[in-house]
Amino acid sequence: MIQTVKTKACLNNHIFEFVIPTPDGKFIARYSEAGLCELNFPSSQPGDPPIQPGPEPPEIIRKWHAQTVGALSDALTGRGPDRFPPLDLSAGSDFQQRVWRALLKIKNGETRSYGEVASAIGNAKAVRAVGGACGANPVPVLVPCHRVLAAHQKLGGFSSDMSWKKKLLAREGVRPADGWAK
DNA sequence: TAAGTGCGTCGTT
DNA sequence: AACGACGCACTTA
């Protein structure tokens, strides 16, 4: 159902940019030659994101994009995506990349606390820093930073609208006893 | 129980 | 040197 629209050669690097229309709004995906390097939530601001038509992207990138579109569609409906595009997380620091890789291991419908993620990357005391890395996640939804909660199933924070965190968790069937989900 | 304070910790700016 | 999508101990109400 979701169709790609336009592409754009961005900056001087070979970055291709796509809009992904979904029932939840227009996401924006960006690709480097290594894979999906950025996925943005729909802008809360009114008005369309200005994306200029660009050169036709290489075959491989169109393939990756098709995988992204499918994975995003699955994720937004609470299903665990089976096909992922390759991810280019190289923009992050070593620490951030370790965190993001750890997030990828959290299965659909599961959650971890910031502390558990910290332990998982072998840096148990870097709890707060893990929160920072989650906030810097360049590929939200697919890299499931929304599955990281505070201790004792408390919701914790989110960089963009908290409603996204609640929404994504609810669609995966995560409903803590407290009843923060709405 | 629920909410608020203080402090340790650590990566990032 | 200051700031967080934290966690924990400890107060108050």
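Please read these numbers as outputs of a predicted model, since none were measured by experiment. The sequence lines fix the lettering, A, B, ..., with proteins before strands; numbering per chain opens at 1.
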Could I get a table of every N or O pair under 3.5 Å where one atom is in the protein and the other is in nucleotides 1-5 of chain B?
none

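Evaluation of the side-chain hydrogen bond (donor to acceptor under 3.5 Å, both in side chains) test over residues 124-137 of chain A, restricted to residues two or more places apart or in two chains, returns none.
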**Study point:** Contact state string [nucleotides 8-13 of chain B, B base, S sugar-phosphate only, - no protein heavy atom under 4.0 Å]
**Key:** BSBSS-
Check your understanding: Nucleotide by nucleotide, 5' to 3', does protein get under 4.0 Å of the base (B), only the sugar-phosphate (S), or neither (-) in nucleotides 8-13 of chain C, counting heavy atoms?
Key -> S-----
**Study point:** Secondary structure of DNA chain B in dot-bracket form (Watson-Crick or G-U wobble, distances below 3.5 Å, | marking inter-strand pairs)
**Key:** ||||||||.||||
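Every residue two or more places apart in sequence or in another chain was checked for a ring pair (Phe, Tyr, Trp, His ring centres under 6.0 Å) with A:Tyr114, and none qualifies. With sequence neighbours left out, A:Thr77 forms a side chain to side chain donor-acceptor pair (under 3.5 Å) with A:Arg79. Judged as a side-chain contact (heavy atoms from CB on, under 4.5 Å), and not counting sequence neighbours, the contacts of A:Lys63 are A:Ile60, A:Gln67. For A:Asp161, there are no salt bridge (charged side-chain N to carboxylate O under 4.0 Å, His left out) partners, not counting sequence neighbours. Shown here are the salt bridge (charged side-chain N to carboxylate O under 4.0 Å, His left out) partners of A:Arg98, two or more places apart in sequence or in another chain: there are none. The ring pair (Phe, Tyr, Trp, His ring centres under 6.0 Å) test applied to A:Trp164 returns A:Phe27, A:Phe41, not counting sequence neighbours.
Atom CG of A:Asp82 is surrounded by more than 12 heavy atoms from other residues, nucleotides or ligands within 6.0 Å.
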Residues 141-151 of chain A, side-chain donor-acceptor partners within the protein, below 3.5 Å, at least two apart:
{"residue": "A:His146", "atom": "NE2", "partner": "A:Glu172", "partner atom": "OE2", "Å": "2.9"}
{"residue": "A:Arg147", "atom": "NE", "partner": "A:Glu172", "partner atom": "OE1", "Å": "2.8"}
{"residue": "A:Arg147", "atom": "NE", "partner": "A:Glu172", "partner atom": "OE2", "Å": "3.1"}
{"residue": "A:Arg147", "atom": "NH1", "partner": "A:Ile106", "partner atom": "O", "Å": "2.7"}
{"residue": "A:Arg147", "atom": "NH2", "partner": "A:Asn108", "partner atom": "OD1", "Å": "3.2"}
{"residue": "A:Arg147", "atom": "NH2", "partner": "A:Glu172", "partner atom": "OE2", "Å": "2.9"}

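Among the protein residues, A:Gly135 comes within range of the nucleic acid bases, having at least one heavy atom under 4.0 Å from a base atom.
Rounded to an integer number of Å, the gap from NZ of A:Lys154 to P of C:dG7 is 10 Å.
A:Gln96 contributes a side-chain N or O that, together with a main-chain N or O of A:Ser93, makes up a donor-acceptor pair within less than 3.5 Å. Within the 3.5 Å criterion, the main-chain N or O of A:Leu76 finds a donor-acceptor partner in the side chain of A:Arg171. For the pair A:Trp100 (side chain) and A:Ala133 (backbone), a donor-acceptor distance under 3.5 Å is present. Checking side-chain atoms of A:Ser73 against main-chain N and O of A:Val69 turns up no donor-acceptor pair under 3.5 Å.
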